[in-house]
Amino acid sequence: MLNLQTLRSSLIVSCQAYPGEPMRDPQTTAQVAQSAVIGGAAAVRVQGLSDIARVRSAVEVPIIGLWKDGHDGVFITPTLHHALACAGAGAHIVALDGTRRERPDGLSLAQTIASVHEGSNALVMADCGSAADAVAAAEAGADIIGTTLAGYTGERPKTDGPDLELLAEIAALDLGLPLIAEGRIHTPAQGRAALDAGAFAVVVGTAITHPATITGWFADALAP
Ligand SMILES: CC(=O)N[C@H](C=O)[C@@H](O)[C@H](O)[C@H](O)COP(=O)(O)O
């Protein structure tokens with residue numbers, strides 16, 4: 001089982017392309033992940049079973065795997081079936097919806113996490129949208145708390161950058177679990193600020209691995 005202490009204060013890079021996009025291809029994801037590792041990523045976060053499997057054979061660093069199914073409500077690794085499949089594909093850590101919302105398979109978060117632990121060697125990262133989610137996820141047995149869903153569940157405003165206020169609030173609760181900052185970290189300074197707010201590690205996706213969005217930032221800034 002993965003020793004999480006190896007990820008302390010580290011950069012984790014999320015390598016994802018969205019349905020219909022030109023870079024949506026497991027080989028491309030693997031090449032992006034390899035490039036991230038060359039740049040200093042201590043772990044990578046990868047969506048989809050084929051991408052997880054391909055990246056697993058391409059890099060040595062730990063993989064946080066997830067399976068997005070749908071766009072609304074509970075869609076990040078929504079059921080136990082999805083979670084076990086991510087572990088089976090090679091994820092060292094399975095990221096799943098860690099909110100208090102009802103899950104499509106009717107299982108509780110605690111039942112889901114216990115079954116992932118029973119059925120695999122993977123750790124579980126609970127993608128949360130609020131401090132109340134984080135408390136519930138810790139009680140449910142999560143190994144890692146993530147702020148991935150802050151600004152996407154209606155409980156928190158969608159801040160321009162990372163939700164530093166939420167990070168500080170969760171850190172102050174001392175839940176005894178690594179707290180990973182994720183979501184809208186767009187600059188190195190914001191990553192540093194997330195650590196300073198109490199994060200154990202930082203996930204950056206879009207600002208490193210989504211060229212269409214990054215190009216849009218520049219194009220918008222140059223527009224007359
Ligand atoms: C809300 C949601 O669906 N988040 C997803 C979770 O895996 C990804 O689309 C994000 O890219 C990832 O969380 C990293 O965040 P950012 O790309 O903002 O650095």
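Because the structure is a prediction, the values reported are computed rather than measured. Counting convention: from 1, in listed order, for ligands and their atoms alike.
Of all the heavy atoms of Q16, the ones lying under 4.0 Å from any atom of ligand 1 belong exclusively to the side chain. Only side-chain heavy atoms of L66 come within less than 4.0 Å of ligand 1; its backbone N, CA, C and O stay farther off. Residue contacts with ligand 1, taken as heavy atom pairs separated by less than 4.0 Å, involve R45 solely via side-chain atoms from C-beta onward.
The main-chain N or O of T159 is found under 3.5 Å from a side-chain atom of R184 such that the two form a donor-acceptor pair. Using modelled atom types, no side-chain atom of S50 and backbone atom of P26 make a donor-acceptor pair closer than 3.5 Å. Although no hydrogens or angles enter the test, the distance criterion places a donor-acceptor pair under 3.5 Å between the side chain of T147 and the main chain of E182. Side chain of H186 to main chain of A207: no donor-acceptor pair is present (N/O by atom type, distance under 3.5 Å, no hydrogens or angles).
Note: W217 and H210 fail the aromatic proximity criterion, with ring centroids not under 6.0 Å apart.
Here is the list of ligand 1 atoms found below 4.0 Å of a heavy atom in G183: 15 (O), 18 (O). Each of the atoms 1 (C) of ligand 1 lies under 4.0 Å from some heavy atom of Y152. For ligand 1, the atoms lying closer than 4.0 Å to a non-hydrogen atom of R184 are 16 (P), 18 (O), 19 (O).
The protein heavy atom nearest to atom 17 (O) of ligand 1 is T206 OG1, 2.4 Å. Here the protein heavy atom with the shortest distance to atom 5 (C) of ligand 1 is K68 NZ, 3.4 Å. What sits closest to atom 19 (O) of ligand 1 on the protein, heavy atoms only, is G205 N, 2.9 Å. Taking atom 12 (C) of ligand 1 as the reference point, the nearest protein heavy-atom neighbour is E182 OE2, 3.1 Å.
Under 3.5 Å, the side chains of D143 and H117 contain a donor-acceptor pair of N or O atoms. Residues H81 and D105 bring no donor and acceptor atom of their side chains to less than 3.5 Å of each other. Looking only at atom types and distance, the side chain of T29 has no donor-acceptor partner in the side chain of R54 under 3.5 Å away.
The shortest N/O to N/O separation between Y18 and ligand 1 falls below 3.5 Å. For the pair F75 and ligand 1, the shortest N or O to N or O distance does not fall below 3.5 Å.
Evaluated by nearest non-hydrogen atom to atom 4 (N) of ligand 1, the leading choice among T148, V202, V204 is T148.
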Begin with the C-alpha distance, continue with both residues' side-chain angles, and end with the deciding distance and a verdict on side chain to side chain contact (heavy atoms under 4.5 Å, CB included) for R56 and D51. CA-CA 8 Å; R56 176 71 196 248; D51 285 28; over 6 Å; no
